[in-house]
Structures are given as structure tokens and as C-alpha cells.
Protein chains: 2
Amino acid sequence: MTLEARNPDNTNRVLMQIRRMIDSGDLPEHPRLPNERELSTRLGAGRRAVRNALEALEAEGLIWRRQGKGTFLGLPPDPAGALVAEIVPASDPLSVMEARLYLEPGLAELCARRATGEDVERLRALADRVAASGDADSRELWDGALHRLIARIADNRLLLTAFSLMDEVRMNEKWQRDRQRARSAEKLALYARQHRKIIEAIEARDGPGARQAMTDHLNELSGNLRASMAEDDG
Amino acid sequence: MTLEARNPDNTNRVLMQIRRMIDSGDLPEHPRLPNERELSTRLGAGRRAVRNALEALEAEGLIWRRQGKGTFLGLPPDPAGALVAEIVPASDPLSVMEARLYLEPGLAELCARRATGEDVERLRALADRVAASGDADSRELWDGALHRLIARIADNRLLLTAFSLMDEVRMNEKWQRDRQRARSAEKLALYARQHRKIIEAIEARDGPGARQAMTDHLNELSGNLRASMAEDDG
DNA sequence: GGTTGAACCAATACTGAAATGGTTCAGTAC
DNA sequence: GTACTGAACCATTTCAGTATTGGTTCAACC
């Protein structure tokens, strides 16, 4: 045998193909990528080439992998998440939004103090994915990853756990997730601008600016949530 | 057949027998009791009688039961405790103080918005207790109660859970509790003034003022902590 | 150097049987 | 009616065995 064994730049070819898969977002089981063996056969490359490509994507913070589990889009879950889920209190959408308003601006401020250049690159990559996402599911995925990365970069274990607490509740309350979805292209463009502004302040090490930008962003989300709830009541 | 079906006070007899088992402590797998069916046959009673006895013991807090799991001596495991246990080794006094600085000012602001006249009275009573305490232990106790009440009045379950988490971690960091103790009468007087200022802002429904007053207070505590740590290093 | 294919390792998920507390019901004895 | 027994069934959890998946190593090929 010894079919084709040479494809000098297969790693890069596969990398770009997987990048396209991520961009288009058409995955059989959405947040999860096909396993390495299947990617290998489907893309006509060795498993080594596939793994090289995945390693690059993981370094960029676009995917995460776990032995025995699989490869997934976004950021890895907080290790304390399982424990956190045990104590999440029941909350209504408005109080969850209130908690976000009181937690995340502070996290953005700390993030601005502590982010490295590499961190900023990752934040940008995630913000780009939010903007490039065609469907609401992908947007939600990447938006969640962006906010979580800010919380992680803030680098305070207790505050990160508090964030996870809030995030768990938010994820569990599926009934109201639709409400937080942008209803128009204008809103989407606004969110993209707000994300950019937050990241720019972080890059400039402007803590108060990052805090303010995050506050503005969440106030916008909060307003939309209230409007959507009032709409249903009326 | 229909052997003995009457044992008019079987529940009580079984209850006492199980009590003896617990007292003597000779259980095959120690913290765990034999399952209900086995107890039933071994003690010559119906399962109903055994369950009645176990219900009484559970109400007393001597045992706890979980479907599919078993019956065990002592109190049920506390999920929050497990979370705290995981966070404590990964956190140092400064990061806990940082979390306080990012959580409590917001709680004070919410508190100012939501406190009733009765709430303010209770806050004042606690602040008086702090000021009147003669020893460091009781000061710590009442000071903790004051800050916790502010968090409760803020009336957001998520933020309250986050605060409780932080509070428990703080309590668990025994190695550094001495450091946070005021070292002089001047400091004590300053803390008393700061507490008063926080409560006055809350009473005046001045959210930003309460936030600022709490920030000032925590910054003072933070400065003392740093000074005490630098002292030990030098 | 990079690539391929194959095998093996280690962590995780999955499946099905068994164990366990929770519940209901008919029957029995007082 | 009240209390107890026995049996059946339900819901949750555990456990053991299997399959899946990423992680690693190796020989061979260009």
C-alpha cells in the first residue's frame, strides 16, 4: 500500500478546514466537534495532522478538549462548576440580571488590570466569533465564553466562583433564555460595539473604563430583558 | 400462617433497639446503618415499624437517609462546605479581601435601596454591639453579623450566596484572622465611625453614598491587612 | 523535518443490573 | 379506627463491565 503519505502542509489545510467548520457552525452535535478519528478520515489526513490543528485552535482559546470526553467549542467549564451547581438558589430572570450588574463590571475592572497581551488576543477572537455567528445558539455560546474569559482573567478564585454561580443559574433557566436574545440586527451591531469597547479598555489597562463599558453593556441587556417581559405581560 | 401480626408497640421497641445500635456504635460499615429490609428481618418487625423508628431518629438529627443511597449516622453532607473546602486552599487573605472589595460595596448600594426602617434599626443595634464589645472575639462576631445583615437586606439570593461563600472562606482562613484585628483604640473608633456612615447612607436611601462608605471601610481594613503582612515579612 | 498508520494508555461516558429508600395497597389483629 | 405486616412497585443511586475519546508512543515513509 503506502497510499499518499505526503501532504507537506496537511496540518495547515486541516486547520483551515476546521476553522471553517467552526465559523459556519454546522456541527452535528453543536458545541461538540467530531472526534479526532472521524475528522481524520473525513478530512483525508492523518490523526497527527488533525491533532496539530486542534492544538493550535486550543491555544487560541476557541476549543477545549478532554480525554475520554471530546472536543468542544468555547471555553472549558469551571472545575468548581459541579459543586456550584449543587447550591444554586432559585432566582428569577431580573434578579439574575441584577447579580450580573453587580458582579461583572468589577470583574472587567480586575481583568483590565491583569490581562496579558495573549489574553486580549483571546478576548478578541471570542468577540469576533460572537459577531460572526449566524444563529442564536452560536452567539449565545461565544458570548458566554467571552464573559467567562473576562471573569477568569480577573484571577480571583472567589469572584470566579460567584460568577460561575450566576452563570449556572442563567444556563439553567432555559425558559427565559429566549428573552435575552437580540431581536434585531441593530441590537447585534450594538452588542458587537460594546464588546469591542470593553476589550479596548481592557487592552488599555483602563480599569474604570472597562467597568463602565461592561456596565453599559449589561444595562442594555437588562433593558431588553425588561422590555421583553413587559411585552409578554401586556 | 399469619404468625404474629400484633406487636402493639413495635415501633417503639425497634426505635430503642436502633438507638442502642447507634450508641454502641457497632455497625458493620460504620457510618452506615443496615438497610431497611435487613433491619426489618433482623429485628423481627415490619418495614413500616422500622421506617417509623428511622423517621423519628432522622427528625432528631441523629441520622440522615437518601433514596438509592442508604441510611447514615450524623448530618447530611453540606454541598456548600465541599465548595468552601475546595476554595480555601486556593485563596490567600489578600484575594479574599479583594473579593470583599468587589462584592460588598454593591451589596451596600442595594441595601440602601431596599432597607426598611426596621432594617435600619437592626443595623444600628449591631453596630452598637460592635462598638460596645470588649474583646476581639465578640467584635468579630458582631462585625460579621453587621456585614451579613447588609447582604441579606440587599435581597438578591445569588449575591447573598456569593457573600456567604466568601464569608465562610474568610472564617476558614484561621491562619490570618489575627491579622485583621484592630491593633489600637484609634482603629476601633475609626471603624465605628465608618459603620455609622454606612448606615446613615443606607437610611438616607443614598445608594452611591453607601457604596462609597463601604468601599472606604474595606479599603481601611485592606490597608491594615497589608501593613500587618508586610510587618511579618520584614 | 513532517506525515501516516497502528497500537496502546488513561480518562470519561454509557449501559444494564442490583441495591436502597420512598410509596401504595390489601390484609390482619387489636 | 389504629397499628402492624407483607408484598409490590417507583425513583434514585451505585456498581461493574463495555465502549468511546483524547493522549502517547512507535515504526515506517517521504
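Basis for what follows: all heavy atoms, side chains included, without hydrogens, waters or symmetry-related copies. Lettering of chains follows the sequences in order, A, B, ..., and the numbering in each one begins at 1.
- The separation between B:L33 atom CG and C:dT20 atom C1' is 13 Å, rounded to whole Å.
- Heavy atoms from other residues, nucleotides or ligands lying under 6.0 Å from CD of B:E55 number more than 12.
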Would you tabulate the nitrogen or oxygen pairs shorter than 3.5 Å linking the protein to nucleotides 24-26 of chain C?
none

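- At whole-Å resolution of the value, CG in A:D9 and P in C:dG2 are 11 Å apart.
- Between A:E86 atom CD and D:dT13 atom C1' there is a gap of 14 Å when expressed in whole angstrom units.
- Other residues, nucleotides and ligands place more than 12 heavy atoms under 6.0 Å from the CD atom of B:E60.
- Taking 4.0 angstrom as the limit, A:N10 places a side-chain polar atom (N or O) nearer than this to OP1 or OP2 of C:dT4.
- More than 12 heavy atoms of other residues, nucleotides or ligands sit less than 6.0 Å from atom CZ of A:R124.
- Between A:N52 and the phosphate of C:dT3, there is a side-chain N or O to OP1/OP2 separation shorter than 4.0 Å.
- For A:S40, no side-chain nitrogen or oxygen approaches OP1 or OP2 of C:dT4 to under 4.0 Å.
- As a whole-Å value, the separation of A:R51 CZ from C:dG2 P is 16 Å.
- Heavy-atom contacts from other residues, nucleotides or ligands closer than 6.0 Å to CZ of B:R226 number 12 or fewer.
- Atom CG of B:N35 and atom C1' of D:dA11 are 16 Å apart (whole Å).
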Inset, instruction - Evaluate salt bridge (Lys or Arg N to Asp or Glu O under 4.0 Å) for B:R114 paired with A:E98, printing each intermediate quantity in order. - result: CA-CA 14 Å; B:R114 293 175 182 162; A:E98 184 176 85; 2.5 Å; yes

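- Separating the CG atom of B:L43 from the P atom of D:dT5 is a distance of 11 Å, rounded to the nearest angstrom.
- The only member of B:R20, B:R13, B:R19 that meets side chain to side chain donor-acceptor pair (under 3.5 Å) when paired with B:Q17 is B:R13.
- Rounded to whole Å, atom P of C:dT4 lies 14 Å from atom CD of A:E36.
- Across all strands, B:R32 comes closer than 4.0 Å only to sugar-phosphate atoms, never to a base (heavy-atom distances).
- Taking only side-chain nitrogens and oxygens, B:R47 never comes nearer than 4.0 Å to OP1 or OP2 of D:dT5.
- The side-chain heavy atoms of A:H147 and A:R170, taken from C-beta on, include no pair separated by under 4.5 Å.
- Note on B:T71: only backbone sugar-phosphate atoms sit closer than 4.0 angstrom, heavy atoms only; bases stay farther off.
- Residues from residues 62-70 of chain B lying near DNA chain D, meaning a heavy-atom separation below 4.0 Å, are B:Q67, B:G68, B:K69 in numerical order.
- C:dA6 atom P lies 12 Å from atom CZ of A:R37, rounded to whole Å.
- Salt-bridge check for A:D23 with A:R129: passed, with a basic side-chain N closer than 4.0 Å to an acidic carboxylate O.
- For the pair B:E109 and B:R113, the salt-bridge criterion is met [side-chain N within less than 4.0 Å of a carboxylate O].
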